[in-house]
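Since the model is a prediction, treat every value here as computed from it, not as a measurement.
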Amino acid sequence: MVFGTFPVLKTDEFILRELTDDDIFALSSIWASPLITEKLTTGPLSHDQSVQMLYVLRSLWDNDAGIRWGIEMAGRLIGTCGFNNINRSAKRAELGYELDVAFWGHGYMRRALMPVLDYGFNIMRLQRAETFISQDDERSAILLTRLGFVMEGVLRDHSPTPKGFIDEKCFSLIKSDWQAKN
Ligand SMILES: CC(C)(COP(=O)(O)OP(=O)(O)OC[C@H]1O[C@@H](n2cnc3c(N)ncnc32)[C@H](O)[C@@H]1OP(=O)(O)O)[C@@H](O)C(=O)NCCC(=O)NCCS
């Protein structure tokens, strides 16, 4: 892992930067959408729960436990993405992301995740990035496949949700596959 100043990543379209308290209104709107949160394990978040979630995501970097970037496009926060659940000895981490529903269908998340995966494999020196998605999360499955992730199988009763435990698909991307493709 890298310590110190939060790494800002820039592309032609996006600034991937540290989340701040000023992002709470954009984020609570994103996290209030059932279309977003039905794909996560939480259910829609209230404003207070969003404040708590923002704190958790910001704390990842401060506690050297992960990194979550805010995806800013033309001055507007359109989503977040990054790594958590880092296993340093195994050099693997879990990828997480969500995009404001108003911005779905343009390939924005695919393009935002490219510098993030570069950072994961080249700077964090990960060997493997993995993520777990609900069985009906078609958009995530397409996004991950486009990025080169492979579906490894279904993990039964993998995550608790407000509706009970759900099975999840496990997707992974390994360093050599990423480097061969990019
Ligand atoms: C997963 C999620 C980010 C996918 O959003 P998305 O906009 O479908 O994803 P992408 O950025 O890859 O865009 C793909 C879409 O853009 C279109 N597109 C346009 N230009 C494109 C380009 N240059 N490259 C790729 N796709 C492009 C694709 O055709 C596709 O549209 P379609 O769905 O109408 O076929 C979004 O559904 C989401 O936030 N879900 C909730 C969070 C979540 O599921 N998290 C998973 C657990 S961490």
Side-chain angles (χ1 to χ4, degrees), residues 9 14 16 19 26-45 49-50 52-54 56-57 60 65-71 73 77-87 90-121 124 126-178 180-182:
L9 308 177
F14 313 115
L16 304 183
L19 292 165
L27 289 172
S28 57
S29 157
I30 292 172
W31 291 329
S33 166
L35 275 174
I36 297 275
T37 49
E38 73 184 2
K39 305 301 181 208
L40 309 177
T41 51
T42 54
L45 302 190
Q49 288 171 316
S50 294
Q52 182 61 25
M53 178 66 87
L54 175 56
V56 169
L57 295 183
L60 288 172
I67 179 165
R68 193 79 173 199
W69 286 273
I71 307 170
M73 186 173 74
L77 189 84
I78 65 166
T80 79
C81 58
F83 296 105
N84 57 285
N85 283 344
I86 297 169
N87 181 325
K91 294 182 180 285
R92 65 171 180 257
E94 194 174 324
L95 181 73
Y97 49 81
E98 77 274 291
L99 185 68
D100 187 329
V101 178
F103 294 89
W104 288 12
H106 300 278
Y108 292 139
M109 187 55 83
R110 188 186 66 79
R111 295 194 293 280
L113 287 177
M114 294 191 69
V116 165
L117 290 165
D118 265 339
Y119 185 90
F121 290 120
M124 292 168 70
L126 296 177
Q127 188 66 23
R128 170 186 163 99
E130 60 192 6
T131 192
F132 309 98
I133 65 170
S134 61
Q135 294 238 60
D136 61 351
D137 190 352
E138 279 302 317
R139 280 190 173 270
S140 272
I142 293 168
L143 165 69
L144 293 166
T145 304
R146 278 189 177 128
L147 286 164
F149 280 74
V150 171
M151 210 282 277
E152 295 182 322
V154 175
L155 306 176
R156 297 182 304 156
D157 281 355
H158 187 242
S159 290
T161 76
K163 295 178 186 162
F165 280 87
I166 57 163
D167 298 347
E168 290 185 308
K169 288 179 180 168
C170 173
F171 279 79
S172 74
L173 178 64
I174 60 172
K175 184 176 196 159
S176 53
D177 285 353
W178 178 253
K181 210 178 152 205
N182 295 283

Quick one, [X] and [Y] - any side-chain contact, counting heavy atoms below 4.5 Å?
X	Y	result
Arg139	Asp137	yes
Ile78	Phe14	yes
Trp104	Leu35	yes
Leu27	Met53	no
Trp178	Leu117	yes

Closest approach of [X] and [Y], non-hydrogen atoms and distance?
X	Y	value
Phe132	Cys170	CE2-SG, 3.6 Å
Leu9	Pro115	CD1-O, 3.8 Å
Gly148	Lys181	N-NZ, 3.4 Å
Ala93	Ile86	CB-CG1, 3.8 Å
Gly70	Leu77	CA-CD1, 3.6 Å
Pro44	Ala32	CB-O, 3.7 Å

Could you state the interatomic distance from [atom1] ([X]) to [atom2] ([Y]), rounded to the nearest 0.5 Å?
X	Y	atom1	atom2	result
Ile67	Leu19	CD1	CG	10.0 Å
Arg111	Met73	CZ	CE	8.5 Å
Thr145	Arg110	OG1	CZ	12.5 Å
Met109	Glu98	CE	CD	6.5 Å
Glu130	Phe171	CD	CZ	13.0 Å
Leu113	Leu143	CG	CG	6.0 Å

For Val56 and Gln52: C-alpha separation, side-chain torsions, deciding distance, then whether side chain to side chain contact (heavy atoms under 4.5 Å, CB included) applies.
CA-CA 6 Å; Val56 169; Gln52 182 61 25; 4.1 Å; yes

Please work out which of the three classes, parallel, tilted or perpendicular, describes the rings of Tyr119 and Trp69, given edges at 30° and 60°.
perpendicular

Kindly check if the number of other-residue, nucleotide or ligand heavy atoms within 6.0 Å of NZ (Lys175) is above 12?
yes

Taking [X] for the side chain and [Y] for the main chain, is one N or O donor matched with an acceptor at less than 3.5 Å?
X	Y	result
Asp177	Leu173	no
Lys169	Ile133	no
Asp157	Ile166	no
Arg68	Leu54	no

For Tyr97 and Leu144: C-alpha separation, side-chain torsions, deciding distance, then whether side chain to side chain contact (heavy atoms under 4.5 Å, CB included) applies.
CA-CA 11 Å; Tyr97 49 81; Leu144 293 166; 3.7 Å; yes

Go through it in stages, so that I can follow the logic: the residues are Asn85 and Arg92, the test is side chain to side chain contact (heavy atoms under 4.5 Å, CB included), and I'd like the CA-CA distance, side-chain angles, deciding distance and then a yes or no.
CA-CA 8 Å; Asn85 283 344; Arg92 65 171 180 257; over 6 Å; no

Do the side-chain N and O atoms of Gln49 and Trp31 include a donor-acceptor pair separated by under 3.5 angstrom?
no

Of Leu95, Leu60, Thr131, which is the lone residue that meets side chain to side chain contact (heavy atoms under 4.5 Å, CB included) with Phe83?
Leu95

